Colleague: 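Okay, handing you the structure first.
Nothing here was measured: the structure is a model prediction, and the numbers come from that model. Count residues from 1 along the sequence. No hydrogens, no waters, no symmetry mates; every other heavy atom, side chains included, goes into these values.
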Amino acid sequence: MSDELKIDKDKPAPPVPLKPLGKVLAITSGKGGVGKTFVSANLAAALARRGLRVLVLDADLGLANLDVVLNLYPKTTLHDVFTGKAKLDEAIIKAPGGFSVLLAGSGMVEYSRLTPEVRDEFLRVMESLVPRFDVVLLDTGAGISDVVLFAVSLASEVLLVVTPEPTSLTDAYATIKVLVGQQKRQNIRMIVNQTARPGDGRAITVQLQQVVDRFVPGEPGKPVKLIHVGDIPVDPSVRQAIMRRQLLMQVTPGCPAGLALVQLAGKIEDTVIPKNG
């Protein structure tokens, strides 16, 4: 595996072939404020409830907020691992909800762009992490910066979180276009958050697919496919959990959004995460 991670620092890092070791899912979005970190944390809890060993890595290296969502105050972060001040095992902590987390230090200006050093350290950490878990969720930053795109390139599957707002959908389209153009992604899985009615998410996915079919050509004979994996409905319990810095899956798992997350976790386990052996 180490030979596969050697990279030319003068070129963009290629996708890393982590799939044989496990499943890495990037949870990303075109714009901020769509609930990406909320989805990452609560999806992790729902997958853990199904008996999976789950780790969430806060891959938003410059503006990390997974610690806020989980009400955690880590003594050791990914920053300490990158700088050699701590070992990786010291930075992996248990989160509420039965999964593990690797938190990034917030406000680290040096991580706002992708340097060769950051890239190499990220690869080293991922190579060590992936064999230990059934699934690794990368909670990336929003948008299409080089740091975000590099984090996404490490994933074998992409979960794109959108909301029904036009700005979210416009930015989602821009993200899809870049992921197809730069990473040759063929399948992108859609999670539609804050839906008002059943079926809204599937309709939104169909609409985006029509635009992608027209304006985002994939590889010859390999059309780009947007796969709708689930909706999370508008639910006052979500805001209450966020304001209290609690996991929805712990405090009100039977609410509509909680049930949707349970269903989403089941679908992801059944259709995305590889079975052992």
Side-chain angles (χ1 to χ4, degrees), residues 24-48 54-74 77-79 91-108 111-112 122 135-145 147-152 154-155 157-163 165 167-168 171-172 175 189-195 229-235 237-253 257-258 260-261 264-265 268:
V24 181
L25 311 181
I27 301 179
T28 193
S29 65
K31 70 183 293 290
V34 299
K36 174 177 49 59
T37 298
F38 164 82
V39 170
S40 298
N42 284 280
L43 177 59
L47 288 168
V54 184
L55 178 127
V56 182
L57 188 153
D58 195 341
D60 192 349
L61 300 181
L63 296 170
N65 59 11
L66 183 62
D67 56 336
V68 177
V69 170
L70 295 172
N71 199 26
L72 293 173
Y73 300 87
T77 67
L78 193 59
H79 171 71
I92 298 173
I93 60 177
K94 277 292 184 182
F99 58 95
S100 300
V101 292
L102 181 52
L103 300 169
S106 186
M108 299 297 176
Y111 297 145
S112 60
F122 211 137
V135 59
V136 175
L137 304 180
L138 300 179
D139 180 26
T140 79
I144 51 175
S145 71
V147 174
V148 171
L149 291 175
F150 176 70
V152 174
L154 302 180
E157 299 286 351
V158 178
L159 304 176
L160 184 63
V161 181
V162 304
T163 63
E165 283 84 6
T167 52
S168 172
D171 289 346
T175 300
R189 300 172 193 275
M190 305 286 296
I191 298 173
V192 185
N193 192 21
Q194 300 174 17
T195 55
V229 291
D231 295 357
I232 302 171
V234 172
D235 186 337
S237 297
V238 171
R239 178 168 175 78
Q240 292 169 13
I242 291 172
M243 295 304 293
R244 294 173 183 167
R245 297 173 68 172
Q246 295 175 317
L247 279 173
L248 183 74
M249 293 307 301
Q250 281 196 298
V251 291
T252 51
L261 283 157
L264 176 63
I268 287 174

Colleague: Test your reading of the model: is there a side-chain donor-acceptor pair from Asp139 to the backbone of Ser40, 3.5 Å cut-off?
Modeller: no
Colleague: Could you tell me which non-hydrogen atom of Ala104 sits nearest to which non-hydrogen atom of Leu78, and how far apart they are?
Modeller: CA-CB, 4.1 Å
Colleague: To the nearest 0.5 Å, tell me how far Asn42 CG sits from Leu70 CG.
Modeller: 8.5 Å
Colleague: Please report the closest heavy-atom contact between Ala265 and Leu47, naming both atoms and the distance.
Modeller: O-CD2, 3.6 Å
Colleague: So which heavy atom on Gly97 is nearest to which on Gln250, and how close?
Modeller: N-NE2, 3.5 Å
Colleague: Is there a donor-acceptor pair closer than 3.5 Å between any side-chain N or O of Asp231 and the backbone N or O of Pro233?
Modeller: no
Colleague: Is there side-chain contact between Ile268 and Leu25, with at least one heavy-atom pair below 4.5 Å?
Modeller: yes
Colleague: If we ignore angles and hydrogens, is there a donor and acceptor under 3.5 Å between the side chains of Glu165 and Thr167?
Modeller: no
Colleague: Are any of the side-chain heavy atoms of Leu261 and Pro253 separated by less than 4.5 Å?
Modeller: no
Colleague: Tell me which one of Asp235, Ile242, Val238 satisfies side-chain contact (heavy atoms from CB on, under 4.5 Å) with Leu248.
Modeller: Val238
Colleague: Begin with the C-alpha distance, continue with both residues' side-chain angles, and end with the deciding distance and a verdict on side-chain contact (heavy atoms from CB on, under 4.5 Å) for Phe122 and Val147.
Modeller: CA-CA 10 Å; Phe122 211 137; Val147 174; 5.7 Å; no
Colleague: Val34 vs Val162, test: side-chain contact (heavy atoms from CB on, under 4.5 Å). Steps then yes/no.
Modeller: CA-CA 6 Å; Val34 299; Val162 304; over 6 Å; no
Colleague: Which atom names give the shortest non-hydrogen contact between Ala45 and Met249, and what distance separates them?
Modeller: CB-CB, 3.9 Å
Colleague: Got Phe99 and Val56 here, is their nearest side-chain heavy-atom distance under 4.5 Å?
Modeller: yes
Colleague: Under the side-chain contact (heavy atoms from CB on, under 4.5 Å) test against Thr140, which residue among Asp58, Val148, Leu154, Thr37 passes?
Modeller: Val148
Colleague: Report the distance from atom CG of Asn65 to atom NZ of Lys36, rounding to the nearest 0.5 Å.
Modeller: 6.5 Å
Colleague: Between CG of Leu160 and OG of Ser168, what distance do you get to the nearest 0.5 Å?
Modeller: 7.5 Å
Colleague: Using 0.5 Å steps for rounding, measure from the CD atom of Glu157 to the CD1 atom of Ile27.
Modeller: 12.5 Å
Colleague: Can you tell me if Arg239 has over 12 outside heavy atoms packed within less than 6.0 Å of its CZ?
Modeller: no
Colleague: Could you measure the distance from the OG1 atom of Thr77 to the CD1 atom of Ile93? Nearest 0.5 Å is fine.
Modeller: 10.0 Å
Colleague: Would a 4.5 Å heavy-atom cut-off, applied to side chains only, mark Leu43 and Leu159 as touching?
Modeller: yes
Colleague: Within a strict 4.5 Å, meaning less than it, do heavy atoms of the Leu138 and Val152 side chains meet?
Modeller: no
